[in-house]
Amino acid sequence: QAQLVESGGGLVQAGGSLRLSCAASEGIYGRYAMGWFRQSPGKEREFVVASNWSGRTYYRDSVKGRFTISRDNEKNTVYLQMNNLKPEDTAIYSCVYGVWPLTRTTMVNSWGQGTQVTVSS
């Protein structure tokens with residue numbers, strides 16, 4: 001299994017932006033979709049966004065128009081640009097890869113260690 005390493009989390013005020021990065025230890029594009037899940041304290045893990053090898057993307061409704069997933073195939077890296085952040089976006093964000101559309105945890109092959117995103121009001 002490819003290993004995933006996230007970076008880019010932090011503390012930001014509401015309305016601010018953050019960019020998360022996820023580097024895979026080996027090339028997985030062309031075989032798997034990649035994306036992000038998040039989990040807030042006391043809540044279940046939830047799907048955020050996914051991208052497949054052909055560039056098709058799928059977003060959670062609450063992040064549409066604010067979050068953008070992109071990737072660099074040569075670097076085996078996927079990015080999550082998060083704009084206009086809201087306090088309810090506060091969570092641990094985990095990078096994943098697996099089977100498209102990658103909207104359920106049962107579709108995930110491997111998880112990154114997670115990175116904390118905190119949005120203050």
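Remember, it's a predicted structure, so these values are computed and weren't measured experimentally.
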Subject >> Side-chain donor/acceptor of S25 to backbone N/O of Q3, under 3.5 Å >> reply: yes

Original post:
With a cut-off of 6.0 Å (strictly less than), are more than 12 heavy atoms of other residues, nucleotides or ligands near OH of Y58?
Top reply: no

Original post:
Below 4.5 Å, heavy atoms only, C-beta onward: do W36 and V96 meet side chain to side chain?
Top reply: no

**OP:** Measure the CD-OG distance between E46 and S62 for me, rounded to the nearest 0.5 Å.
**Re:** 6.5 Å

Original post:
For the side chain of R60 and the backbone of F47, is there at least one donor-acceptor N/O pair under 3.5 Å apart?
Top reply: yes

Original post:
Roughly how far apart are T57 OG1 and N52 CG, rounded to 0.5 Å?
Top reply: 8.5 Å

**OP:** Measure the shortest side-chain to side-chain distance between W111 and F37 over non-hydrogen atoms and say whether it is less than 4.5 angstrom.
**Re:** yes

Subject >> Expected output: side-chain E6 to main-chain Q113 donor-acceptor under 3.5 Å >> reply: yes

**OP:** Treat each ILVMFWY residue as a node, draw an edge where side-chain heavy atoms are under 4.5 Å apart, and state whether W53 and Y79 are in one component.
**Re:** no

**OP:** Look only at the side chain of Y59 and the backbone of I69, and say whether a donor-acceptor pair between them is shorter than 3.5 Å.
**Re:** yes

Original post:
Do Q39 and Y93 come close enough that some side-chain heavy atom pair is under 4.5 Å?
Top reply: no

Subject >> side-chain contact (heavy atoms from CB on, under 4.5 Å) partner of R38, the single match among I92, V63, V117 >> reply: V63

Original post:
Is any side-chain heavy atom of F67 closer than 4.5 Å to a side-chain heavy atom of V48?
Top reply: yes

Subject >> Between S51 and R71, a side-chain donor and acceptor under 3.5 Å >> reply: yes

Subject >> Nearest atoms (heavy-atom pairs only) where S40 meets A91 >> reply: OG-CB, 3.6 Å

Original post:
Cut-off 3.5 Å, side chains only: do T77 and D72 have a donor facing an acceptor?
Top reply: no

Original post:
Which atom names give the shortest non-hydrogen contact between S110 and A2, and what distance separates them?
Top reply: OG-O, 3.4 Å

**OP:** May I ask you to decide whether K86 forms a salt bridge with D89, counting only side-chain N to carboxylate O separations under 4.0 Å?
**Re:** no

Subject >> Joint cluster assignment, V12 & M82, ILVMFWY side-chain distance < 4.5 Å >> reply: yes

Original post:
Which atoms form the tightest heavy-atom contact between R66 and N84, and what is the distance?
Top reply: NH1-O, 3.0 Å

Subject >> Approximate separation, where rounding is to 0.5 Å, of T105 OG1 and E44 CD >> reply: 9.0 Å

Original post:
Do R56 and W100 have side chains that get closer than 4.5 Å, going by heavy atoms?
Top reply: yes

Subject >> Minimum heavy-atom distance C95-V78, with the two atoms named >> reply: SG-CG1, 4.0 Å

**OP:** Check whether any side-chain N or O of T115 sits under 3.5 Å from a backbone N or O of S7 as a donor-acceptor pair, and report yes or no.
**Re:** no

Original post:
What's the shortest heavy-atom distance between M34 and L102, and which atoms?
Top reply: C-CD2, 3.5 Å

**OP:** Identify the two heavy atoms, one from L18 and one from L85, that lie closest to each other, and give their separation to 0.1 Å.
**Re:** N-CD1, 3.9 Å

Original post:
Side chains of Q81 and S70: closer than 4.5 Å at any heavy-atom pair?
Top reply: no

